[in-house]
Amino acid sequence: MMRLIMIWLVLLGSLWAVGVERKVPILCYHRFSSGELDSMSIKTSVFEEQMAWLKSNGYSVIPLDTAIGYVTGNVKTIPAKSVVISVDDGHKSVYSDMAPIVKKYKVPVTLFIYPSAISNAAYAMTWEQLHELESTKLFHVESHTYWHPNFNHEKKKLSPEEYAKFVDKQLGGAKKKLEEKMGHEIKYLAWVFGIYDDALLVDAKKAGYSAAFTIDRRHAASSANIMAEGRYMVISKHSIKDFEHMVDGTEDRMNPSKKEIVKY
Ligand SMILES: [Zn+2]
């Protein structure tokens, strides 16, 4: 009898371990503006409204690293209402518009950066600005490839040998460059335009990334491929109700065919 109970308990335990899906919503921003808006921008005041909403509704903004630790089972628990904030591209409005609000609300933010633009393109931040943001301990730089290419186009254009070299530069090359420039390990990658395929997921792992992120609108989850975790792109047309549905899991639970598609 005792033995039967023991077997039953072990079975229950393993069922629990398999059955519990570990999920976290990750938001993805691009640009901030107090004036003219394009499809990739969000009003700076709307971003502040979202931060205030998270605070007054009991949400905890947690670092990406903690969220991935949780999803992979290395971090045992996180607050029930947890959310991650990420920003792609390194636009200068992150420094001018977003940073003051991030400092006010003291929320951790991951910046996915492609090094070719930094201290180079007029729209991008400088390396000095990135270092300044990291010195606040609120911002942390990760990789967004080397120069933000469209992998689909390049795959069609280049020979298999050229493409392999190109992929190596965009994944491993970007990681190395960012590590040199920022002085810390680069662990994570955000797919450019949300484009990835099975081969790229393997390549990213081989290049040394621990996890990679898409713009597929779903929570990052333990059941997903760790190299293709979902994120919610937040743009100007989203209302605070839309925002609520991203972070509370309503959009995650929606039938995929009914989900809105937010693309570049
Ligand atoms: Zn991008």
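The figures here come from the full heavy-atom set of this structure, side chains too, leaving out hydrogens, waters and symmetry mates. Whatever order the structure lists ligands and atoms in, that order sets their numbers, starting from 1.
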Closest contact, heavy atoms only, S143 versus F112
O-CD2, 3.1 Å

Are the aromatic ring centres of H219 and Y232 under 6.0 angstrom apart?
yes

Counting backbone and side-chain atoms alike, does D89 have an N/O/S atom under 2.8 Å from the Zn ion (ligand 1)?
yes

Under 6.0 Å between ring centres: does that hold for F151 and F193?
no

May I ask you to check if any N/O/S atom from H148 comes under 2.8 Å of the Zn ion (ligand 1)?
yes

Kindly say whether the aromatic ring centers of F47 and Y29 come within a distance under 6.0 Å.
yes

Restricting H144 to its N/O/S atoms, the closest one to the Zn ion (ligand 1) is NE2

